[in-house]
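Let me begin by presenting the structure, written as structure tokens, before commenting on it.
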Amino acid sequence: MNAPHPIRLSRDEARDLLVHYPRVSNAEARLIVDFLRKGRHLDVGMLTAEEALKPQLDSFMADHKKELGVGIGEGSAVVGAIAAFLGLCWVLWELARPAYE
């Protein structure tokens with residue numbers, strides 16, 4: 001039996017919940033966190049740019065900064081990817097430059 005897919009908010013649904021923040025349930029707050037972390041970048045950017053939501057969004061971000069922050073695993077993955085990219089660039093540079101003897 002397959003596990004059900006998690007509920008995903010649209011930008012409009014997230015906006016509707018944020019308008020009522022802090023009067024939202026814990027489940028609704030989790031949905032907002034999920035939208036901000038995993039939503040389409042364009043949708044998240046458009047939502048966070050709405051001036052009318054700024055007070056509620058600022059309050060939400062302050063209240064949920066732990067859940068919205070970057071974890072050790074995510075930070076390590078980014079650092080590892082950058083190191084791998086730089087290593088690949090170095091190898092390609094060494095292969096492409098002429099050998100002087």
Side-chain angles (χ1 to χ4, degrees):
M1 182 173 180
N2 292 339
H5 292 289
I7 297 172
R8 294 289 171 118
L9 293 180
S10 68
R11 183 176 69 236
D12 291 335
E13 292 167 329
R15 179 189 310 109
D16 291 343
L17 289 176
L18 280 168
V19 164
H20 298 291
Y21 188 77
R23 294 175 315 276
V24 298
S25 69
N26 288 341
E28 290 169 330
R30 286 289 334 134
L31 290 172
I32 297 169
V33 168
D34 188 53
F35 174 81
L36 293 174
R37 287 188 56 82
K38 300 175 184 172
R40 288 182 29 205
H41 296 289
L42 178 63
D43 288 337
V44 173
M46 290 177 69
L47 181 73
T48 57
E50 290 189 31
E51 285 296 318
L53 286 178
K54 186 163 177 38
Q56 292 94 337
L57 186 60
D58 288 348
S59 178
F60 185 85
M61 299 285 268
D63 292 345
H64 295 88
K65 62 184 168 189
K66 185 173 182 179
E67 295 117 298
L68 293 168
V70 176
I72 285 239
E74 293 168 318
S76 298
V78 169
V79 170
I82 292 170
F85 175 73
L86 292 175
L88 177 65
C89 289
W90 176 75
V91 168
L92 292 174
W93 176 260
E94 289 297 319
L95 291 173
R97 71 183 187 139
Y100 296 105
E101 292 186 33

(Q) Would you say W90 ends up clustered with L95 if hydrophobic residues are merged whenever their side chains have heavy atoms under 4.5 Å apart, either directly or through other cluster members? (A) yes

Q: Please name the pair of heavy atoms, one in S59 and one in Y21, separated by the smallest distance, quoted to 0.1 Å.
A: OG-CE2, 3.6 Å

Q.
Grouping I, L, V, M, F, W and Y whenever their side-chain heavy atoms are under 4.5 Å apart, do L9 and L68 come out in a common cluster?
A. yes

Q: Could you pull out the closest heavy-atom pair between R15 and L53, with the gap in Å?
A: CG-CD1, 3.6 Å

Q.
Between R30 and E67, does the side-chain contact (heavy atoms from CB on, under 4.5 Å) criterion hold? Intermediate values first, please.
A. CA-CA 9 Å; R30 286 289 334 134; E67 295 117 298; 3.6 Å; yes

Q: Name all residues meeting the ring pair (Phe, Tyr, Trp, His ring centres under 6.0 Å) criterion together with F35; count only those two or more places apart in sequence or in a different chain, and write none if there are none.
A: none

Q) Would the number of heavy atoms belonging to other residues, nucleotides or ligands and lying under 6.0 Å from CD1 of I72 be above 12? A) no

Q. How long is the span from the CG atom in L18 to the CG atom in L57, to the nearest 0.5 Å?
A. 6.0 Å

Q) Taking atom CD of E13 and atom CZ of R8, what is their separation to the nearest 0.5 Å? A) 12.5 Å

(Q) Can you give me the closest heavy-atom contact between A52 and Q56, atom names plus distance? (A) O-OE1, 3.5 Å

Q) If two hydrophobic side chains count as joined below 4.5 Å and joins carry through other members, does L86 share a cluster with V78? A) yes

**Q.** Point-to-point distance, once rounded to the nearest 0.5 Å, from CE of M61 to CD1 of I32
**A.** 11.5 Å

Q. Between atom CG of L47 and atom CG of D43, what is the distance when rounded to the nearest 0.5 Å?
A. 8.5 Å

(Q) According to a hydrophobic-cluster definition based on side-chain heavy atoms being under 4.5 Å apart (Ile, Leu, Val, Met, Phe, Trp, Tyr only), do V19 and L36 belong together? (A) yes

Q. Has N26 got more than 12 heavy atoms of other residues, nucleotides or ligands less than 6.0 Å from its CG?
A. no

Q: Measure from the side-chain N and O atoms of R37 to the backbone N and O of G69, and report whether any donor-acceptor pair falls under 3.5 Å.
A: yes

